[in-house]
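Proteins get letters first, then strands, A, B, ... in listed order; numbering begins at 1 in each.
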Amino acid sequence: MASNDFRTDVDLASRAAEEFVSLYYETIDKRRRQLTKLYMDTATLVWNGNPISGQNALIEFFEMLPSSEFSVNMFDCQPVHEMATQGQKTVLVVAHGSVKFEGNKHHYFNQNFLLTLHTTPSNSVWKIASDCFRFQDWASS
Amino acid sequence: ITFDVETPTTLPPCKGSYLATDDIKALILRFLQQYYACYDGDDRQGLLNVYHDEACCSLSIPGPIGQNPSRSSLGDYFNSSRNIKRLRDPALRYKLLKHKRLSVVSFLNELPRTQHDLNSFVVDVTAQTPTLLSFVVNGVFKVEGQSNDPVRAFSRVFIAVPGPDGGLLLVNDEQFIRNASTEEIRKAFATPAPTPSSSPVPVLAP
């Protein structure tokens, strides 16, 4: 990877991450039923240590997850090295903030996503390949 | 007339580490013991052989809103913090993402000396393919060389490719650092660290 290409990848990662973060948290809060469209069919979520894999399991999981109000105060992103992804454009996104699930207390959380770019002749779209979510105080929850 | 529109309010129970398989667990535990033995040492140059030539690395701390707003207490990390939400300047965003093995390790080497509590570690495996292993490590550490050795908490994502010796070679490393909660400080270093000569012990919370 030449450094010019790296610079391009860094800028692309930033733009994808910025749009993704605002879209993801707005969708989970306000349009929960649309949320799993952002995930690949084979995506995996590890939610506070619970692994959930595949569209059907994700749909079921997000249906029973109480409604949420997320507030993100930090996110960072990196282009993932193509040696690891066999050439598929991939971005690591990490986020930190607070969330209030209905009927529950506020929690601070960390969340990490791997986003992959899927290109067809007509368009290209980023999808979540993996998602890992943890409360800061998970051990006492 | 009443309608019973039930909305869920129960969260799934929180669990400890998710390590996918026993083989991955063993691989990651071995890696973390070696990595932090070096990272917590006097010189982090030894990490050079753990990073890929083209590795990248960045660090972040919480934004100003939230429970841990005091920038000053995380001041050692403030200038390195790559919070895209607040950094609008593409040049600065680029500069704060360390790229290539030498700059990654020299960046890490300039961070404050630390002592990590391996018994506090909780690890989630987020993706595994024949060419990629991605995992998140959560835990606490002490910052050394400051008057009161403050305890910090971290959440760090490592993405690795297979290494030459059957181990892991890091291609991505993102570390988030925050102040530890009262509860985390109370529990930190409660279990004595294993001595180097003892047989391998489980270092992960259940």
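In this structure, chain A has heavy atoms under 4.5 Å from both the backbone and the side chain of B/E174. B/S81 does not touch chain A: none of its heavy atoms, backbone or side chain, sits under 4.5 Å away. Residue B/D53 does not touch chain A at all, counting heavy-atom pairs closer than 4.5 Å. Of the atoms belonging to A/L65, heavy atoms from both backbone and side chain fall under 4.5 Å from chain B. Both the backbone and the side chain of B/T126 come within contact range of chain A, with heavy atoms under 4.5 Å apart. Looking at A/F75, the atoms closer than 4.5 Å to chain B (heavy atoms on both sides) sit in the backbone and in the side chain alike.
Taking the side chain as every heavy atom from C-beta outward, B/F176 and A/N110 approach each other to under 4.5 Å.
Annotation: the span from B/C14 atom SG to A/D137 atom CG amounts to 8.0 Å, rounded to 0.5 Å. Within the model, atoms OG1 of B/T9 and CZ of A/F101 stand 12.5 Å from one another, a figure rounded to the nearest 0.5 Å. In this structure, B/L97 CG and A/S14 OG are separated by 8.5 Å, a value rounded to the nearest 0.5 Å. Between the CD atom of B/Q128 and the OG atom of A/S130 there is a distance of 10.0 Å, given to the nearest 0.5 Å. The CG atom of B/D124 sits 12.5 Å away from the OG1 atom of A/T44 when rounded to the nearest 0.5 Å.
Using bins of under 30°, 30° to 60° and over 60° for the plane-to-plane angle, the ring pair B/H99/A/F6 lands in the parallel bin.
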The test is side-chain hydrogen bond (donor to acceptor under 3.5 Å, both in side chains); show your working for A/Q136 and B/S181 and say whether it passes.
CA-CA 9 Å; A/Q136 200 166 288; B/S181 67; over 6 Å; no
Just do the side chain to side chain contact (heavy atoms under 4.5 Å, CB included) check on A/R134 and B/V122 with the steps written out, would you?
CA-CA 10 Å; A/R134 224 176 236 290; B/V122 173; 3.6 Å; yes
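A donor-acceptor pair shorter than 3.5 Å cannot be found between the side chains of B/S60 and A/D76. Using modelled atom types, one finds a donor on one side chain and an acceptor on the other under 3.5 Å when comparing B/S58 with A/Q78.
Checking B/T10, B/T7, B/L11 one by one against A/P66, the side chain to side chain contact (heavy atoms under 4.5 Å, CB included) holds for a single residue, B/L11.
The candidate with the highest count of non-hydrogen atom pairs below 4.5 Å against chain A, out of B/I159, B/V161, B/L96, B/I84, is B/I84.
Summarising the geometry of A/M64 relative to B/P12, their closest heavy-atom pair is CE-CG, 3.6 Å, with the distance given to 0.1 Å.
For residues 22-42 of chain A, an interface with chain B (any heavy-atom pair closer than 4.5 Å) does not exist.
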